[in-house]
Amino acid sequence: MEKYNPQEIEKKWQKIWEKNKASKMDKDNLKKKFYVLDMFPYPSGTGLHMGHTESYTASDVFYRFKKMQGFNVLHPQGFDSFGLPAENFAIKTGIHPSETTKKNMENYIRQMKSLGFAYDFDEQAVTSDPGYYKWTQWIFGKFFENGLVYKKTTKTNWCRSCQTVIANEQVAEGKCERCGTDIELKEVPSWFFKITDFAEELINDLDKVDWPEHTKKNQRNWIGKSEGATVSFEIKISNENGISNDKFPISNQFSNSNNQIPKQTIEVFTTRVDTIFGCTYLVVAPEHPLIKNQELGIKNQDEIGEYVKKAKNKTELDRMEAKDKTGVEIKGIKAVNPFNGEQVPVFVADYVLGGYGTGAVMAVPAHDERDWEFAKKYELPIRYVIAPLCGSYQRPSMNDYKTYETLEGLKKQIINDKNDEVVKSILTECKISKKAHINDGITIYSDKYSFLNSEQARQKMTEWLKKEGLGKKIVNYRLRDWSISRQRYWGCPIPIVYSPKGEARFVGEENLPWTLPADVDFVPTGVAPLAKSEELKKRVENIFGKGWTAEYDTMDTFVDSSWYFLRYSDPHDDKAFCSKERLEWLPVDLYIGGAEHTYMHLLFARFFVKAMKKIGLLDFDEPFLKLRHQGMVLDAQGKKMSKSKGNVVNPDEMIEKFGADSVRTYMLFAAPLEDEVMWNEQNIVGVYRFFEKVWNYVESWNESYEKDIADNKNNIEFYKKSGDDGPDFRTASRLHKTIKKVSEDIENLKFNTAVSQLMIFVNYIREDKGIGKFLKESMDVPMTIPQLEKLIILLSPFAPHITEELWEKLGHKESIFNEEWPEYDEKLIADEEVEMVVQVNGKVRDKIIVSADISEDDAKQKALSSEKVQAHLSGEVKKIIFVKGKLVNVVV
RNA sequence: GCCUCGGUGGUGAAAUUGGUAUACACGUUGGACUCAAAAUCCAAUAGUAGCAAUACUGUGAGAGUUCGAGUCUCUCCCGAGGCACCA
């Protein structure tokens, strides 16, 4: 008997698959098509990490499963090969990024092949390949022509260390996500994609896709839609004699309305107009134009100027670390609340953001936490105008909240109660609780808007504002346009040239790919590396004429990865990013990848599809119909793997030690796909032993078979018995239950339980002693040829190498992956007898074997006649519950 | 602070979605084989009491709904991840 030697057979089959081009597929056949996609990796110098290994195994298993079910499955792989690490490496060593990248990709491909992943590497998408980025640039051109790209000089996040602009999404805690340097704000001209145009669709269309709920929720939060209203507060200017009514026309660039407001006003944005009677002051952001307005006669101009200057010097991090809210009152002006005519002070404070809403807010400390903090610090009045509907706290006068659940109830209570007990107790409660009450409730002390619930109040107040021309309903998004310019070398060149007058122009389709020049110095100087290229300079002048200059920035690498899934079905096309016919493969049916891409990549890819659809390049609106995340792979102690901790596990070593089949299967067996997996070398031996058992079973099966034939024994009929129902119903039934369970579990990506079911079945055929005598040489439960073949097919998606080998040992010349996935037989999985649990008052007292279709009456009778049950039947039987095929519960 | 998941043996984890809690795997202990070790095989493995059959307790804590709760409801505790002045 041969020993299971994974290293040997795995290399053997990898060679054969390579030679036979086993992963080739017919992309023009759209019958029963299925597109399963992995998030392609950045080819780093350290090679494939364990996280990739897990998710790529998951998709590979799924791919093989679907393929054997008769689907034509597209299962591609590629490389997100532009990016900073290769460039930083070049700065250090002088080795050109293209060389590093090429070498790393070769290593990745070697590793993926050594894990047995069935990718066709002739059909890759490689983002740094001119044949690919030609189309990145082409799409950029289309966006440009259709007004979805614009250039703007703004304060942008700038990383001093990377010497480049960073997208909002790439800033973490005020630091550069990649290198950890503090982000500063710098005025930089930058190209933007108009992703905000699609904010609404990006939220709504999440309803159309099958994604994890938390991922959808996070995307919605990130886009951050809030519905509210603008309100204009008139400014009163006080002169030495007091308040004057002088009116100056000023333009407010923060205003959302095009109509000029004739009076001097401050426009605020609020989602809680219902609290406006509780507004006790106004706050404007340090960037607000109001404070630069000389005509207002602001008395403490110097003090304010100093505060603003300080605020501007603060980095994002400083702002966040500041525990205390700070601000300065703008002396000499007051703002008038349009609802009650009250004059309230105006402050400038950096807790209000210049870039959101109108850059000014009405402060209602009673019902907003930030305003509460500020008001407490500067001893500003706090006025409660919302009564809680039902609270989580108890108080004697409001212990029965139901009384107040209707507006009428509350109103009546307040009116009836001469002492205003309820209101008083609300106020007391709010004061005692030492915090703002931010929830919706019922308006009080709000003049004619009192005794409305918050929603109604907002509606009525907004209506009035609109009628009076003092405000209107608006929707605000947190999402900003996507800044894509990077002052780096190793990225896709932005295909723009500037005329001598400085006008930007797309280089034109005929000049694509607009190649990345080779003659540059990578060392960052704050000037974009491409500016140093002579070749680029000459190219521009040759094509466009003297005085024309190139755009020197390259694109954010998230642009490259925002459309790569569109390229895979047609990666060699040089007439289109993807031909019309091949575009039929889209959208992606199943996308598997890390949860860290919840915001950026997934949002940007969705934006691309929507934008391309708008232009008419596509006809679907969501790129990924079903999305699942894989969990993180941790070390044996449950710690994150990191270079600095030195606990990074290298897949190569593990394959060398246990074989690819065991590595693959263990990754999926150890925990559910979406959970964290601890990489524990001690545990993987369990999977290795499992394959050894399977191997040994087939080996001894084969030996018996050959021996029986040599001895001219009469067992041949048994082996060849064509049906699955073999001589032993038990084996057939268990096999078919296994087929059912494994098929359903793979379909639902529950690989861990699929593997355990296979283990249960293999334990069964290896263990049984009762009928094992059938084959003399073995203690195993015998299986017929069709049964054994089905078992090996069930194992094949997880362990392609060992199953190919065993398949061959059973005398097959063709690959196992050309076989059909087995289907289960309902008749075989139906049990004739079942174990029925008998409970007394919900406690298990006995288990009896009954026929599966036992009638209710028979079951009850049997249950009652059980001795063990009777021992617990003291007193009268009140009720008997019967659950078919499961249990009887006797209630006494 | 807010949002989203989680909390089940010594460990990784199952549990047909309200119906036998701990499948499968690792580890541990004992046994077989061996001169011995490794490997392999067999047995035990939630806790307490008992020779045992068995009984009681048990899914982070507490309450509730139910004939019956790991699963549903409420309150609280703990852990992980994400967001964080977005008005």
_Any base atoms under 4.0 Å from A/Glu835, or only sugar-phosphate, or nothing? Heavy atoms, all strands._
base
*What's the shortest heavy-atom distance between A/Pro286 and A/Ala349, and which atoms?*
CD-O, 3.5 Å
*Separation of A/Met600 atom CE from B/C83 atom C1', in whole Å?*
13 Å
*What closest approach, in Å, do A/Phe691 and A/Ser662 show between heavy atoms, and which atom pair accounts for it?*
CD1-OG, 3.7 Å
_Check: A/Arg383 side chain, A/Phe277 main-chain N or O, donor-acceptor pair, under 3.5 Å_ = yes
*Does some side-chain heavy atom of A/Met667 sit less than 4.5 Å from a side-chain heavy atom of A/Gln630?*
no
*asked:* Using a 4.0 Å heavy-atom cut-off, does A/Glu213 contact any base of the nucleic acid, only the sugar-phosphate backbone, or nothing at all?
replied: nothing
*Classify the nucleic acid contact of A/His629 as base, sugar-phosphate or nothing, counting any heavy atom under 4.0 Å across all strands shown.*
nothing
_Is the phosphate of B/A23 approached by A/Thr753 (side-chain N or O, under 4.0 Å from OP1 or OP2)?_
no
*Does A/Arg845 make a side-chain N or O approach to OP1 or OP2 of B/U54 shorter than 4.0 Å?*
no
_Could you tell me how far apart A/His367 (NE2) and B/C85 (C1') are, to the nearest whole angstrom?_
19 Å
*A/Ile881 near the nucleic acid: base, sugar-phosphate alone, or nothing, with a heavy-atom cut-off under 4.0 Å?*
base
*Could you work out which one of B/G19, B/U4, B/U20 sits closest to the side chain of A/Lys886?*
B/G19
_Atom-to-atom span, CG of A/Asn696 to P of B/U40 - whole angstrom_ = 10 Å
*Base partner of B/G9, which must satisfy Watson-Crick or wobble distances under 3.5 Å*: none
*With respect to the phosphate group of B/U4, does any side-chain polar atom (N or O) of A/Arg220 fall under 4.0 Å of OP1 or OP2?*
no
*More 5' along RNA chain B: A/Met678 or A/Ala285, using each one's nearest nucleotide?*
A/Met678
*Identify which nucleotide among B/U20, B/C85, B/C67 has an atom closest to any side-chain atom of A/Val844, counting heavy atoms from C-beta outward.*
B/U20
*Could you please name the partner base of B/C51, counting Watson-Crick and G-U wobble pairs only when both distances are under 3.5 Å?*
none
_What's the closest nucleotide to the side chain of A/Arg689 if the choices are B/G27, B/G82, B/C67?_
B/G27
*Taking the side chain of A/Lys879 as heavy atoms from C-beta outward, which of B/U40, B/A23, B/C67 is closest to it?*
B/C67
*Of all the nucleotides listed (B/G1, B/G19, B/U4), which has the minimum atom distance to the side chain of A/Lys217?*
B/U4
*With both distances under 3.5 angstrom, what nucleotide forms a Watson-Crick or G-U wobble pair with B/U28?*
B/A44
*Just how far, in rounded Å, is P of B/A87 from CZ of A/Arg458?*
12 Å
*Give A/Val837 one of three labels, base, sugar-phosphate or nothing, depending on what nucleic acid heavy atoms sit under 4.0 Å from its own.*
base
*Return the nearest nucleotide to the side chain of A/Pro672; candidates are B/A13, B/A55, B/C24.*
B/A13
*May I ask you to decide whether A/Glu213 forms a salt bridge with A/Lys217, counting only side-chain N to carboxylate O separations under 4.0 Å?*
no
*Taking the P atom of each, how far is B/G18 from B/A23, in whole Å?*
23 Å
*If you check every side-chain atom of A/Lys325, which of B/A15, B/C85, B/G27 has the closest atom?*
B/C85
*Would you say B/U20 has OP1 or OP2 under 4.0 Å from some side-chain N or O of A/Lys847?*
no
_Under 3.5 Å for both donor-acceptor distances, Watson-Crick or wobble: does B/A37 have a partner, and if so which one?_
none
_Can a donor-acceptor pair be found, under 3.5 Å and without considering hydrogens, that links the side chain of A/Tyr4 to the backbone of A/Tyr688?_
no
*Given the P atoms of B/C33 and B/A53, what is the spacing between them in whole Å?*
28 Å
*Out of B/A80, B/C83, B/A15, which has the shortest distance to the side chain of A/Arg478?*
B/C83
_Once you apply a heavy-atom cut-off of 4.0 Å, does A/Lys843 come out as touching a base, just sugar-phosphate, or nothing?_
sugar-phosphate
_Rounding to an integer number of Å, can you tell me how far A/Lys225 NZ sits from B/A87 P?_
13 Å
*asked:* Nearest whole Å is fine: how far is B/C41 P from A/Phe690 CZ?
replied: 14 Å
*What's the base orientation of B/U17: syn (chi within 90° of 0) or anti?*
syn
*asked:* When both hydrogen-bonding distances must be under 3.5 Å and the geometry is Watson-Crick or G-U wobble, what is B/A23 paired with, if anything?
replied: none
*Between B/U40, B/G68, B/A87, spot the one nearest the side chain of A/Asn889, thanks.*
B/G68
*Identified pairing partner of B/U4, criterion: Watson-Crick or G-U wobble below 3.5 Å*: B/A80
*Determine the interatomic distance between P on B/A21 and the same-named atom on B/U71; round to the nearest Å.*
14 Å
_What is the distance, to the nearest angstrom, from the CD atom on A/Glu681 to the C1' atom on B/A25?_
16 Å
*Using the side-chain hydrogen bond (donor to acceptor under 3.5 Å, both in side chains) rule, take A/Tyr356 and A/Ser226 through it: C-alpha gap first, then chi angles, then the decisive distance, then the call.*
CA-CA 11 Å; A/Tyr356 186 79; A/Ser226 57; 2.8 Å; yes
*Who does B/U75 pair with, Watson-Crick or G-U, both distances under 3.5 Å?*
B/A61
*Side-chain N or O of A/Asn763 closer than 4.0 Å to phosphate OP1/OP2 of B/A25*: yes
_Treating A/Thr230 as the side-chain partner and A/Lys472 as the backbone partner, does any N or O pair qualify as donor plus acceptor under 3.5 Å?_
yes
_Whole-angstrom distance between B/U28 and B/G10, as gauged at atom P_ = 16 Å
*Give a yes/no answer on whether the side chain of A/Tyr356 brings an N or O atom under 4.0 Å of OP1 or OP2 in B/A87.*
yes
*Salt bridge or not for A/Glu200 and A/Lys225, using N-O below 4.0 Å?*
yes
*Does A/His214 make a side-chain N or O approach to OP1 or OP2 of B/G6 shorter than 4.0 Å?*
no
_Please report whether the ring centroid of A/Phe347 lies less than 6.0 Å from that of A/Phe374._
yes
*What nucleic acid atoms does A/Asp675 come within less than 4.0 Å of, heavy atoms only: base, sugar-phosphate, or nothing?*
nothing
*Please check the phosphate of B/A14 (OP1 and OP2 only) for any side-chain N or O of A/Asn752 closer than 4.0 Å.*
yes
*Is the base of B/G9 syn or anti, where syn means the angle lies within 90° of 0?*
syn
*Which is true for A/Phe669 with a 4.0 Å heavy-atom rule: it touches a base, it touches only sugar-phosphate, or it touches nothing?*
base
*Out of B/G27, B/A87, B/A15, whichever nucleotide has its closest atom nearest the side chain of A/Gln682*: B/G27
*Separation of B/A14 C1' from A/Lys741 NZ (nearest whole Å)*: 9 Å
*Determine the contact category for A/Asn680: base if any of its heavy atoms lies under 4.0 Å from a base atom, sugar-phosphate if only primed atoms, P, OP1 or OP2 are that close, otherwise nothing.*
nothing
*asked:* Checking base pairs now: Watson-Crick or wobble, both atom distances under 3.5 Å. What partners B/U17?
replied: none
*asked:* Taking the nucleotide of RNA chain B with the nearest heavy atom to each, does A/Asn218 or A/Val883 sit closer to the 5' end?
replied: A/Val883
